[in-house]
Amino acid sequence: MIVMKFGGTSVGTTESIHSVAQIVADAVGRQAEGVGDAQQRGDREGCNVVSRATVGRAPGVLVVVSAMSGVTNTLIDAAQAAAASDEAPYRDGRSQLLVRHQVVAGQLIEDGVERAGLGRLFDNRLQEFERLCRSITVLGELTQRGLDVVSGVGERLSAPLLAAVLRANGVKAQFVDAGELIITDDDFGNANPLMTPTVTRCRDRLLPMMQSGVTPVVTGFVGATENGVPTTLGRGGSDYSAAILGAALDADEIQIWTDVDGVMTADPRIVANARSMPELSYAEVAELAYYGAKVLHPKTVTPAIEKKIPLRVLNTFNPTHPGTHIVEKTRALRHGVKAITAVRDLRLITVAGRGMIGVPGIAARTFEAVARQKANVLMISQGSSEQSICFVVPEPEGEAVIAALKVEFARELVQHLIEEIASQPDIVIVAVIGSGMKGTPGIAARVFSALGAQGINVIAIAQGSSEANISLVVLHAAADEAIRAIHDTFELGTE
Ligand code: ASP
Ligand code: MG
């Protein structure tokens, strides 16, 4: 069986939902004929076919769906406004969302009974949304727990809608709320799945459906605690839902349907000849996502990786494109460099002073102070002279981190053991990514000479011992040029 996850843009309009229905109907047909999707696509890689136990597995397709594009933001904004006594956004939101979903139903579903049923469902969900927001206004307070109920409404509208559209296209589809399937802890807003009860629920609820030829259409993003309290898996969490469900059911493949032709070698808005990569390893996609390619959050692929389930990133708007296949091991490339990404809006902070030499504990104290501000450290570098440690944090946390460091090292600053706590705003981390760089000499040299030839100054460098990522800090103004220069030097635009 395969899991097919459709993101917000894939279900954003009547036309795109219509394409989704066709894509799913085709896949359901192929599964029924017993033709695996990978075979159908004519994959070249024999080595990636992982044999898994077939016990308890069902044929067929499981669909996971996000809210229509922009809906989750509308819901969250409305709830936040409600807490600040502004009731207009949720009132407007309710009617806008009703119209938006009803228009699609009106255009894609002919059966009057089906349409009326959906209309009532939309109405009930949105009434509940309005009631929730009203109580948020009365309380004047929005808790994470309350927000999880509100922000999950979008998927609870889009999934029943897509299920009905699929039925209108001849697919035996049935809506299932993930609150019944994905059991999580109570870390509201960012809940973590509890796999043991989740696996049991998924098998009990979904396998009989799939064995009888039904295609479940499951809400992405949402789950519930063991006591049934609604939770969400974090923004963009529908990919995570797909991986959790795929792992629970031992899927053959998890497909992430989005609005681009897979994972690109660089941002196509910056690099004209950026192209989609046919194949990536789990390790590479983790580095890429971490460094801002925003394709798949590393956390979201973990359940798939643990079970070695291949992932495929595909384009709803160009469904015949083979997309990117993400597997455990990939074939080696000439030089091992696969992609270049960037993270922006960062600040470089440097703690420097001769009094740091040979003094243990400075790094620990530095990062404890940073952690107290709950700032995320994206990169760290310290030269062997030990006269300075520099690290990178998101710009919005920059000031607070510096203030915390000045307090932490107040005594050392007075005694000039630490001479300065400096900061450089407006920097970008450019990351060169590829597992095949490991053990390949000369890559760093090529990166630096490409940058040198363009007169681009590198402020700091870091490479983890995994050697799958070389990170460079450059000024914001030089970042795009740096990305283009590295992309060119490794000829990533041509296969
Ligand atoms: N609708 C949710 C969000 O916008 C989840 C998702 O799209 O993956 O964050
Ligand atoms: Mg999304």
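Just follow the structure's listing: the first ligand is 1, and inside any ligand the first atom is 1.
Within the structure, the salt bridge (charged side-chain N to carboxylate O under 4.0 Å, His left out) test picks out the following pairs touching residues 263-273 (sequence neighbours left out): D267-R269.
The two residues A105 and R115 come nearest to each other via the heavy atoms O-CD, 3.6 Å. Scanning both residues, T198 and I183, for their nearest heavy atoms gives OG1-N, 3.1 Å. The minimum heavy-atom distance linking V64 with A242 is given by the pair CG2-CA, 4.1 Å.
A salt bridge links E114 with R167: the closest approach of a Lys/Arg side-chain nitrogen to an acidic carboxylate oxygen falls below 4.0 angstrom.
Counting the atoms of ligand 1 from 1 in the order shown, those under 4.0 Å from a heavy atom of R235 are 3 (C), 4 (O), 9 (O). Distances below 4.0 Å separate heavy atoms of S66 from the following atoms of ligand 1: 6 (C), 7 (O), 8 (O). Atoms of ligand 1 found under 4.0 Å from any heavy atom of E155 (numbered from 1 in listed order, with element): 1 (N), 2 (C), 5 (C). Counting atoms of ligand 1 from 1 in the listed order, those under 4.0 Å from a heavy atom of T72 are 1 (N), 2 (C), 3 (C), 4 (O).
Heavy atoms of G237 approach ligand 1 to within less than 4.0 angstrom.
Considering backbone and side-chain atoms together, G236 places an N or O closer than 3.5 Å to an N or O of ligand 1.
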